[in-house]
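Heads up, the thing below is written out as structure tokens.
If you read the sequence from its start, that first residue is 1, and numbering goes on from there. Indexing begins at 1, ligand by ligand and atom by atom, following the structure's order. Computed from a predicted structure; not experimentally measured.
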Amino acid sequence: MTQLVLSRDQAGVRTLSLNNPERLNALSGELASQLLTALQAAANDIAVRVVVLTGEGRGFCAGQDLTEVAGPLLQGQGLDLSGHLTRHYQPVIEAIRGMDKPVIAAVNGVAAGAGASLALACDLRVSSSEAQWVQIFSNIALIPDAGSTWFLPQLVDFGRAFELMSLAEKVSAQQALELGLCQQVFSADNFAEQAQAYAEQFAARPALALALTKRALNAAMTGTLSESLALEAELQQQAGESADFREGVQAFMEKRSPRWR
Ligand code: T3D
């Protein structure tokens with residue numbers, strides 16, 4: 001079986017790299033399935049504190065692998081796109097958002113269509129200076145999927161989201177930073193190293209506190225203020241019962257850096 005997702009561990013950071021570079025890491029059903037398995041393994045591995053999602057070669061991900069759909073489509077066969085999304089994309093997006101660990105998209109090259117959605121689903125995004133971001137779906141008369149209609153308007157306003165989606169405008173790394181699509185832009189020359197160093201900052205933080213913060217932020221995106229206040233109280237109780245909380249307070253009192261478990 002071809003390994004379509006490569007995995008590498010360093011300093012608590014697991015880097016998952018989409019590995020179909022000849023097609024700019026376009027998402028075949030098999031690639032999506034291997035990605036889901038890799039995300040689940042990372043979620044369940046206590047040694048993994050942060051996950052980085054990136055791509056091999058010059059692309060991050062060019063969205064749906066169109067060679068998979070071209071045959072049946074051009075022969076006039078009906079395609080079960082809804083089923084395809086539910087089976088292949090939805091579980092991946094939910095695995096990223098549901099994981100109790102930071103997931104960082106390291107967008108090394110073009111992120112198009114569902115590839116851009118994949119990046120937007122991550123908790124944080126860093127971009128190579130050479131990368132391009134494009135909501136490319138309307139170029140083939142499809143609508144944005146894999147969560148883009150939910151994530152993008154939360155980062156930019158409704159009008160800008162609609163504009164990017166309708167015109168399939170290519171967004172440079174600098175524009176992505178200005179729009180809030182990514183948190184950092186790193187030089188293409190040593191992008192992987194800088195992305196790793198960025199991820200290690202999160203790996204060095206108290207893991208439970210970050211996990212519960214992610215849970216609270218996820219809930220806040222759909223809930224009311226009252227629900228957020230109640231959830232914060234519940235999760236803060238959990239954080240407050242951790243050894244890391246005691247260590248954090250003790251370290252502060254002793255004027256030293258904390259040693260997180
Ligand atoms: O099935 C469903 O459930 C529907 C779900 C849909 C979700 C979606 O993601 S829809 C959007 C699908 N993606 C696209 O429409 C993007 C198609 N690709 C492009 O428009 C361009 O490749 C890019 C703008 C992304 C990059 O352009 P460029 O000039 O840097 O690269 P290129 O030369 O076009 O691509 C390099 C190779 O990758 C090329 O193969 P070749 O000619 O060297 O053999 C190209 O065909 C291949 N490739 C790029 N994108 C895809 C792809 N092959 C299959 N599927 C792709 N999406």
Side-chain angles (χ1 to χ4, degrees), residues 2-6 16-36 39 53-97 105-122 125 127-153 155 161-176 179 181-182 188 191:
T2 313
Q3 213 179 336
L4 294 172
V5 178
L6 307 180
L16 301 177
S17 194
L18 308 181
N19 183 30
N20 186 12
E22 296 77 24
R23 292 185 187 159
L24 305 177
N25 304 313
L27 286 166
S28 60
E30 180 55 27
L31 194 154
S33 154
Q34 289 190 26
L35 179 57
L36 179 62
L39 287 166
L53 187 59
T54 192
E56 291 296 300
R58 72 175 178 89
F60 173 71
C61 174
Q64 170 62 36
D65 187 334
L66 296 177
T67 63
E68 253 184 6
V69 295
L73 182 67
L74 301 180
Q75 285 163 21
Q77 291 173 28
L79 293 174
D80 178 18
L81 296 190
S82 168
H84 185 81
L85 291 178
T86 313
R87 275 193 309 279
H88 293 292
Y89 289 6
Q90 214 166 294
V92 167
I93 302 304
E94 286 176 345
I96 291 171
R97 288 311 269 208
V107 179
N108 54 302
V110 66
S117 309
L118 204 53
L120 296 181
C122 293
R125 285 158 293 283
S127 179
S128 155
S129 53
E130 301 297 310
Q132 284 191 322
W133 303 59
V134 51
Q135 291 286 320
I136 208 161
F137 307 86
S138 62
N139 279 1
I140 54 168
L142 285 184
I143 73 148
D145 61 22
S148 259
T149 61
W150 198 74
F151 293 117
L152 191 60
L155 298 172
F162 192 49
E163 188 177 54
L164 290 170
M165 291 166 166
S166 302
L167 302 180
E169 194 184 319
K170 282 187 178 152
V171 170
S172 69
Q174 191 53 39
Q175 286 172 312
L179 283 169
L181 299 187
C182 64
F191 178 68

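Scanning all heavy atoms of the two residues, the minimum distance from Val107 to Ala119 falls at CG2-CB, 3.9 Å. When all heavy atoms of Phe60 and Asn108 are compared, the closest pair comes out as CA-OD1, 3.4 Å. Of all heavy-atom pairs spanning Ala188 and Ser128, the tightest one is CB-OG, 3.6 Å. Minimum interatomic distance between Ser138 and Ser166 (heavy atoms only, all atoms of both residues): OG-O, 3.2 Å. The two residues Leu181 and Arg125 make their nearest non-hydrogen contact at O-NE, 2.5 Å. Taking all atoms of both residues into account, the shortest heavy-atom contact from Ala95 to Leu36 is CB-CD1, 3.8 Å.
Contact of the Leu16 side chain with the Leu39 side chain is registered, since non-hydrogen atoms from C-beta on lie closer than 4.5 Å.
Considering only non-hydrogen protein atoms, atom 52 (C) of ligand 1 sits nearest to Arg23 O, 3.9 Å. The closest protein non-hydrogen atom to atom 26 (C) of ligand 1 is Leu24 CD1, 3.6 Å. The protein heavy atom nearest to atom 54 (C) of ligand 1 is Asp65 OD1, 3.4 Å. With respect to atom 13 (N) of ligand 1, the closest heavy atom belonging to the protein is Ala62 O, 3.0 Å. Counting only heavy atoms of the protein, atom 10 (S) of ligand 1 lies nearest to Phe137 CD2, 3.7 Å. Nearest protein heavy-atom neighbour of atom 28 (P) of ligand 1: Arg58 NH2, 3.8 Å. Ranking the protein heavy atoms by distance from atom 3 (O) of ligand 1 puts His84 CD2, 2.9 Å first.
Residue Glu22 has at least one N or O atom closer than 3.5 Å to an N or O atom of ligand 1. The shortest N/O to N/O separation between Ala26 and ligand 1 does not fall below 3.5 Å. Looking at Leu66 next to ligand 1, an N or O pair under 3.5 Å apart turns up. Considering backbone and side-chain N/O of Lys170, none are found under 3.5 Å from N/O of ligand 1. At a 3.5 angstrom cut-off on N or O pairs, Gln64 counts as close to ligand 1.
Under a 4.0 angstrom heavy-atom cut-off, Asn139 registers as lying outside contact with ligand 1. Heavy-atom distances between Glu68 and ligand 1 stay at or above 4.0 Å for every pair.
Under the 4.0 Å distance rule, the nearest protein heavy atom to atom 43 (O) of ligand 1 falls outside the cut-off. For atom 30 (O) of ligand 1, a protein heavy-atom neighbour is present inside the 4.0 Å cut-off. Within a 4.0 Å radius of atom 20 (O) of ligand 1, the protein contributes one or more non-hydrogen atoms. For atom 46 (O) of ligand 1, the nearest protein heavy atom lies 4.0 Å or farther away. Within the 4.0 Å cut-off (strictly below), a protein heavy atom is located near atom 35 (O) of ligand 1.
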Is there a side-chain contact (heavy atoms from CB on, under 4.5 Å) between Glu22 and Asn20? Walk through the geometry before answering.
CA-CA 6 Å; Glu22 296 77 24; Asn20 186 12; 3.7 Å; yes
Stepwise side-chain contact (heavy atoms from CB on, under 4.5 Å) check, Leu35 with Leu18:
CA-CA 8 Å; Leu35 179 57; Leu18 308 181; 4.1 Å; yes
Test side-chain contact (heavy atoms from CB on, under 4.5 Å) applied to Val171 and Gln132, step by step:
CA-CA 6 Å; Val171 170; Gln132 284 191 322; over 6 Å; no
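Listed by atom number, the atoms of ligand 1 under 4.0 Å from Asp145 heavy atoms are 5 (C), 6 (C), 7 (C). With ligand atoms numbered from 1 in the order given, ligand 1 contributes 3 (O) to contacts under 4.0 Å with heavy atoms of Leu85. Per-residue contacts place Gly63 under 4.0 angstrom from the following atoms of ligand 1 (heavy atoms of the residue considered): 9 (O). Of all the atoms in ligand 1, the ones that sit under 4.0 Å from a non-hydrogen atom of Gly113 are 9 (O). For ligand 1 and Val69, the ligand atoms under 4.0 Å from any heavy atom of the residue are 1 (O).
A donor atom on one side chain and an acceptor atom on the other are found under 3.5 Å apart for Gln135 and Ser148. Defined by atom type and a distance below 3.5 Å, a donor-acceptor pair is present between the side-chain atoms of Thr67 and Asp65.
Residue contacts with ligand 1 for Ile136 involve side-chain atoms from C-beta outward but no N, CA, C or O (heavy atoms, distance under 4.0 Å). Contacts with ligand 1 closer than 4.0 Å are made by no heavy atom of Val134, backbone or side chain.
Looking at Gln34, its side chain does come within 3.5 Å of a backbone N or O of Thr2 through a donor-acceptor pair. Not a single donor-acceptor pair under 3.5 Å links the side chain of Asn25 to the backbone N or O of Ala62.
Distance CG/Leu118 to CD1/Ile93: 5.5 Å, rounded to 0.5 Å.
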